[in-house]
K.L.:
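Before I ask anything, here is the structure I am working with.
Numbering of ligands and ligand atoms starts at 1, following listing order. The basis for the numbers below is simple: all heavy atoms, side chains too, and nothing from hydrogens, waters or symmetry mates.
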Amino acid sequence: MSVRVRYAPSPTGDPHVGNIRSALFNWLYARHEGGTFIVRIEDTDQTRYVPGSVEAILEALAWLGLDWDEGPGSETRYGPYVQSERLALYREHADRLLADGRAYLCYCSTERLDALKRARQAKREPGGYDRRCRDPQEAEKARAENPSPVARFKTPLEGTLAVHDAVRGEVAFDLSLLDDFVLLKSDGFPTYHLANVVDDHLMEISHVMRAEEWLPSAPRHRLLYKAFGYEMPQLVHLPLIQGPDRAKLSKRHGAASVLEFRDEGYLPEALLNFLALLGWSLDETSELFTKEELARHFTPERIVASAAVFNREKLDWFNGVYIRKMGDAELADALAPWLEDAERGLPSAVPRPIDRAYLAAIVPLERERLRKLADAPQMLSFFFEERPAYDPALLVPKGMDAPGARAALEAALAAAEETDDWSAPALETAYRALAERLGLRTGQLFGAVRVAVTGRAAAPPLFDTMAVLGKERCAERLRRAVEAV
Ligand code: GLU
């Protein structure tokens with residue numbers, strides 16, 4: 001049997017991480033098996049539709065490099081891949097169940113259903129619809145209440161139903177807790193249950209891999225497959241994703257839309273690697289995987305049932321790892337747009353475009369400290385600004401006064417002007433000798449020089465930084481420091 005899996009998002013907003021984790025696992029499995037990865041848009045709940053979200057979902061997939069074999073726009077015998085374009089298929093299926101007596105029309109008004117729900121809630125009773133219209137005589141009486149009825153499925157009144165899940169094994173459901181759920185709504189749109197089952201069957205889906213929150217739907221789907229005489233795909237429910245506090249993952253945990261991660265400067269390779277480990281692992285220790293390696297190793301057997309923890313620091317760590325893997329020129333190219341951005345980039349006084357060769361020389365100095373590309377403008381600004389601003393008090397090292405600091409900076413300026421070899425080792429030798437001549441601790445002299453040339457008390461290694469900044473810039477900044485202190 002060939003593997004055909006689908007990612008079936010509802011266009012109800014930007015794709016969040018849990019959602020894209022489902023996409024990733026399906027993609028990995030399809031690629032592992034040489035199967036087919038399908039994107040199907042489940043837009044049957046018109047009240048929750050958010051314009052632009054289909055585009056955002058497809059953009060997130062493309063950014064992560066999760067290419068689909070079939071999806072919106074594909075011309076195959078399985079399409080269309082947008083549920084609102086498949087309404088006739090769902091109606092036909094609902095009609096079949098109505099004709100078989102496995103479903104019935106329900107005329108109950110929204111008011112009646114709301115009142116029923118409120119009464120149940122007040123009594124803290126479970127259960128949903130009371131099955132009034134399941135009785136044909138009652139239905140006949142109710143007809144007047146509602147000109148546009150819904151179609152409901154006749155759920156067995158009792159018994160248990162075992163559903164097999166690849167991750168959890170047999171899961172038993174008490175049928176008496178299921179009500180007669182809606183198949184077709186009064187607007188002619190199907191419910192999630194009907195559309196999902198019809199499409200998974202017609203699209204010949206072999207494995208349904210989706211988040212655990214959909215597990216309660218499994219018995220309803222099982223009943224529908226049986227009623228249609230269709231074989232049910234293998235179910236694979238992915239574990240819940242929780243925040244470090246073990247609560248359901250939410251915005252509060254910094255788990256934003258996947259596109260927000262992109263906009264904060266996470267690398268797609270890093271986010272992908274991180275997401276792959278939310279519920280799957282190869283072994284106890286391996287953590288770093290490329291997309292291709294993941295596809296090679298991915299099997300559903302290694303998906304766990306227990307909840308996965310979304311740890312933002314871990315994601316930052318992954319991002320740092322992938323940033324460190326980049327070559328100087330490659331990272332410079334990745335950083336340039338962030339630095340040049342009009343709003344979030346370097347101060348507007350810094351001319352654009354920035355010098356790529358200069359940036360490539362800076363990259364080795366900052367790579368270790370860089371966690372997100374979006375941090376670069378703040379971290380690197382002193383390399384580009386003509387006059388990095390700082391508090392002149394910082395120029396006076398501990399244990400010294402302002403005149404002493406000025407004398408030290410003057411000597412540092414003179415040493416800079418005299419130096420012909422502007423390499424880091426030569427600068428270090430010169431400044432160590434200078435500290436000794438002035439009777440200063442190296443920490444004192446280097447600290448004052450660091451503030452003068454970078455405007456900061458903490459910066460990458462001083463002499464490497466000076467080497468990259470160049471003689472002219474450093475001398476100019478030392479001159480200004482002498483005046484400022
Ligand atoms: N439309 C559902 C969602 O938004 C799909 C659930 C499923 O994969 O069956 O997640």
K.L.:
For His237, which of Glu213, Glu212, Arg210 qualifies under side chain to side chain donor-acceptor pair (under 3.5 Å)?
P.N.:
Arg210

K.L.:
Are Asp328 and Arg367 ion-paired here, with the side-chain N under 4.0 Å from a carboxylate O?
P.N.:
yes

K.L.:
For atom 4 (O) of ligand 1, grab the closest protein heavy atom and report residue, atom and distance to one decimal in Å.
P.N.:
Ser10 OG, 3.1 Å

K.L.:
Please work out whether the ring planes of Phe289 and His297 are parallel, tilted or perpendicular, with thresholds of 30° and 60°.
P.N.:
perpendicular

K.L.:
Below the 3.5 angstrom mark, is there an N/O of Arg6, backbone or side chain, next to an N/O of ligand 1?
P.N.:
yes

K.L.:
Less than 4.0 angstrom from a charged side-chain N to a carboxylate O is my criterion; do Asp180 and Arg132 meet it?
P.N.:
no

K.L.:
Looking at Asn196, which atoms of ligand 1 are within less than 4.0 Å of one of its heavy atoms?
P.N.:
7 (C), 9 (O)

K.L.:
Taking Pro337's backbone N and O only, do any of them form a donor-acceptor pair with Asp341's side chain (distance below 3.5 Å, no angle check)?
P.N.:
no

K.L.:
Could you tell me whether the side chain of Arg220 reaches within less than 4.5 Å of the side chain of Leu161, counting heavy atoms only?
P.N.:
no

K.L.:
For ligand 1, note which part of Thr12 has a heavy atom under 4.0 Å away: side chain, backbone, both or neither.
P.N.:
neither

K.L.:
Within the structure, does Ala8 bring an N/O atom to less than 3.5 angstrom of an N/O atom in ligand 1?
P.N.:
yes

K.L.:
Of the listed options (Tyr7, Trp214, Tyr192), which comes nearest to atom 10 (O) of ligand 1 when hydrogens are ignored and any heavy atom counts?
P.N.:
Trp214

K.L.:
To which protein heavy atom is atom 1 (N) of ligand 1 closest, and what is the distance rounded to 0.1 Å?
P.N.:
Glu42 OE1, 2.6 Å

